[in-house]
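The residues of the chain are indexed from 1 along the displayed sequence. If you're wondering where the values come from, they're calculated on a predicted model, not measured in any experiment.
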Amino acid sequence: MKKRMINQNRKETFLADYYSAQIINVFRKSFRFISSPSFLLNKGWIFISDKSGNVLAFEKVGAPEFEIKPFYPIQEMDEHSQNDMTSKVMYLPILGDTWFPGFIGMVLPLSVDEKQVSAFLQGFVNVFCLMQEQSIAKEIAYCIRAVNQDLHLDSVMQTIVHRITLNLTLSDCIAVVFDEEQSVMLPRWSSSEQKLLQWQTKILNNPKKIYENIVARFSAKRRVLHNDNANLEELLGSENTFSERWLIAPFRYNGKIIGFLLLMRDTEHPFTTQEQKFVCRFTKDLSLAVHNSTVYMRTQRDEQKQAMLFEITKKFHSSINVDNVLQAVIENTRKLYPDMSVDLWLSHDSFSTTLPVKQFSYSIDGNSVSAQAFMEARTVIIPSDGERSLTLAAPLRGKQGVYGVLELYSDKPISLPSREVEYITMLADTAGNAFENAQLYEQSNRLIKELLLIDEMTRQLNKNIKLHDLLEFIMRKLTESFRTEHCCIFSWSDEKNAFMMRASTQKEIKEFALPVPTAGKLYDLFVRKESILLADGADAEIGVPSFSYKSLMAVPLLEKEEVNGAIMLLDSKPHRYTFDDFKRLEMLARHVKVAVTNASLHAEVERMVVTDNLTGLYNRKYLYDSIRQSQKRDVCGSLILIDVDHFKNVNDTYGHHIGDEILVQVANELTVSIRTSDIAARWGGEEMAVYLPKVQSDIAQQVAERLRLNVMRKTYPTVTISSGIATWTKEDGILSVEQLFQRADEALYQAKRAGRNQVRMAEFA
């Protein structure tokens, strides 16, 4: 038997038509069960036609003397025959609940017994019906076997889309699954990226509403939706719908619609009844696989949640660090809920992280949900809040209080089932406990640092540290301890009648005086003895030069219940300091005051040991020691020995009181006329000395002359001085201190012998 098709010019049309293609395929497969001896004749034709009588496929038996026609005017009856001059045609309808109804017929010689032909046709029709069911079942079974090899939802749905479009030619398909756990539709799978994009951008503006519309339109009798029984614009709630013919068939599990297939085709090829029937059977048999894949997806999501909790817990146990804990919470929450925005709000007292989190403020619009969650210490959900379609706020709760809020929100329609809310709440609680423990750990570290700072200040005092160095040390330690940008220390000056800035992180500020304030924050600090804490202040509130700040802490330094100074910490970021920081600075200020007072007393005692009580100049021992140190490190130096001329006459004329005043005036002129590195000392009686390190004879002579002129011009009663200069250099050999003084004294004697009120250089030996 040789197979061939008639109507070859319509071959592509037949193959493109689901009904024609399938009926031809089943007709050919049915012949596998018919052997040659079973045929009733050795010449004739066997064919299959559609319901209209168009012959779709045929088989030639032997060598018939007549041709088969492309069309037979078939009548609607169980059995029928037609005769012409050379042959007869007999056919039977394919009855019952068949996939592809039509007629099976035979073209035979006129001599063939019709009863035998009828029996043969009845048997062949039964075989054909069985092959139809087998063909459909085989195709669906193939798809079920393919999807069961991989439970991942993406793989399952893409396989379904691929198989349905192979069977329904000229069709595009979009597969949609409804994730009941998160109340969202997942339209991610399609045979056409263009159609999928159109669905996602123009149509799917309210997924939950579309899902509800589709579910509501299905019933026990209505198993598919298409152009003739539903309005697509009303169904999708959008005017941006598809212009093609469309068909929607649902996936059902336990009576619930869990997803659907949307098929589209151009208007010239509407979906036939057989295609609708096939799609229904296809979605029905694959619904279990789709359900299993969604369950597997949820299981994966649960595993992912557990992994996230483990990750957060691991970070907590591996590193007691606030930033690490909060970073894990933010990243994993955004990963699990990619369609939602995630914000982390921290209260002012908890704001010690460097992450880009938000500062809690009850005045911020749109933060009412988080404020409620923070105040009530419970998770709050608001389905609609302004431009947001949903907002969830879960408090970061610890054993000692609430430290902030984890906020999730979306401007697109979305809902969160109770399981998701419970998980987010658990996630926030884990973060709250971790955050609390991390803060307690950091507080312990800060306390240890404070104790170490106090101990180090004590040890520095035992080293006879100078006041300036002590202030620099305290300022540096405070900056490190509070992680602040700026620090400055003020102390009262009787001479300036103001609070002077003694130490500052701004090195360019040499000297800054704050007069006693009459109002404002500084009045509270320096007069009312009140500490200051500004969370978000303006620069103009406290006039501190070269500082641009938003946060400020200031604590007064008290001595005998009076303000003797103050410590200020400043930072350009708002809400930089917590209340704990504030109390900690107040506690440290007491220790700083004790350290500064002791250093000041130590400096005063040291000054009294090395200075002359009357003139305030250094004494002879200090001068000797300084010269010896200079000779060890410098290459040269000069000594000026000074004597007040006729000082006995001053005492006799004006009295010893005026004589002492003259000595003080001369000492002051010496002090203001030399460098800070130079040393002015009282040698004894009316004799004084000035040592100039790193200065040779020519410069020393100029300095001595300037001193002589200044004393003569500025003392009252007017007195004059005589000076002798001696110089040493390493090049000429270092003189001993005694030799240096001896030479200067000889030069002074020469000046006095020459008439006084003049300068003389010592002669070289």
Side-chain angles (χ1 to χ4, degrees), residues 450 453-454 456-482 484-534 541-547 549 552-571 582 584-608 610-611 616 671 676:
E450 291 164 14
L453 175 60
I454 295 170
E456 194 165 356
M457 282 191 294
T458 304
R459 287 189 288 106
Q460 293 287 2
L461 284 174
N462 292 333
K463 294 179 180 179
N464 295 328
I465 192 169
K466 293 183 179 179
L467 178 60
H468 176 269
D469 295 334
L470 178 63
L471 292 176
E472 289 291 329
F473 165 77
I474 293 173
M475 181 183 65
R476 185 175 68 255
K477 289 298 181 180
L478 290 176
T479 304
E480 294 174 358
S481 178
F482 290 92
T484 187
E485 294 177 354
H486 303 302
C487 175
C488 54
I489 300 175
F490 290 87
S491 67
W492 175 255
S493 171
D494 290 326
E495 182 182 355
K496 300 288 185 178
N497 196 30
F499 290 96
M500 303 300 298
M501 186 181 292
R502 302 298 187 185
S504 170
T505 50
Q506 296 289 340
K507 299 301 182 183
E508 61 271 16
I509 301 178
K510 300 299 182 182
E511 185 174 319
F512 175 70
L514 280 175
V516 178
T518 57
K521 295 292 185 182
L522 291 180
Y523 178 83
D524 295 338
L525 177 67
F526 289 109
V527 179
R528 300 178 64 181
K529 312 171 190 177
E530 296 178 357
S531 301
I532 301 173
L533 175 61
L534 294 180
E541 291 189 28
I542 296 180
V544 181
S546 300
F547 291 111
Y549 70 91
L552 179 142
M553 284 195 302
V555 177
L557 300 176
L558 301 178
E559 182 176 357
K560 296 180 180 179
E561 298 304 318
E562 294 295 330
V563 178
N564 187 255
I567 299 174
M568 285 188 186
L569 301 182
L570 307 97
D571 202 282
F582 183 56
R584 192 155 53 97
L585 182 62
E586 286 188 322
M587 185 270 292
L588 282 173
R590 294 192 291 269
H591 296 279
V592 169
K593 177 55 185 172
V594 171
V596 171
T597 300
N598 291 339
S600 300
L601 292 174
H602 182 273
E604 179 63 19
V605 171
E606 186 180 58
R607 186 192 67 79
M608 292 175 63
V610 299
T611 58
T671 302
T676 56

### Task
Before giving the answer on side-chain contact (heavy atoms from CB on, under 4.5 Å), spell out for Y523 and V516 the whole-Å C-alpha distance, their side-chain angles and the decisive distance to 0.1 Å.
CA-CA 8 Å; Y523 178 83; V516 178; over 6 Å; no
### Task
Find the distance between CG (D524) and NZ (K529) and round it off to the nearest 0.5 Å.
13.5 Å
### Sequence-distant partners of K496, salt bridge (charged side-chain N to carboxylate O under 4.0 Å, His left out), two or more places apart
E511
### Message
How long is the straight-line distance from CZ of F526 back to CD1 of I532, given to the nearest 0.5 Å?
### Response
8.0 Å
### Task
Rounded to the nearest 0.5 Å, what's the gap from NZ on K477 to CZ on F473? Could you check?
5.0 Å
### Message
I'd like to know whether L558 forms a side-chain contact (heavy atoms from CB on, under 4.5 Å) with N564, so could you lay out the CA-CA distance, the side-chain angles of the two residues, the decisive distance to 0.1 Å, and finally the verdict.
### Response
CA-CA 5 Å; L558 301 178; N564 187 255; over 6 Å; no
#### Entry: Heavy-atom closest contact (V555 atom, A589 atom, distance)
CG1-CB, 3.5 Å
#### Entry: Listed partners of E480 passing side-chain hydrogen bond (donor to acceptor under 3.5 Å, both in side chains), at least two apart
none
### Query
Looking at F512 and F490, what are the two nearest heavy atoms and their distance?
CD2-CE2, 3.9 Å
#### Entry: L525 and M568: CA distance, side-chain angles, deciding distance, side-chain contact (heavy atoms from CB on, under 4.5 Å) verdict
CA-CA 10 Å; L525 177 67; M568 285 188 186; 3.9 Å; yes
### Gap separating the CD1 atom of I489 from the CZ atom of F499, nearest 0.5 angstrom
14.5 Å
### Task
Determine yes or no for a side-chain-to-main-chain donor-acceptor pair under 3.5 angstrom, with S493 supplying the side chain and A498 the backbone.
no
### Query
Do you know the tightest heavy-atom contact between V527 and P517?
CG2-O, 3.9 Å
### Query
W492 versus E559: any side-chain heavy-atom pair under 4.5 Å?
no
### Message
If we ignore hydrogens and angles and just use 3.5 Å, is the side chain of S504 paired with the main-chain N or O of C488 as donor and acceptor?
### Response
no
### Query
Nearest 0.5 Å, what's the CD-NZ distance between E530 and K521?
9.0 Å
### Query
To the nearest 0.5 Å, what is the distance between CG (L552) and CG (L569)?
8.0 Å
### Task
Taking all non-hydrogen atoms of both residues into account, name the closest pair between T505 and M475 and its distance.
N-SD, 3.3 Å
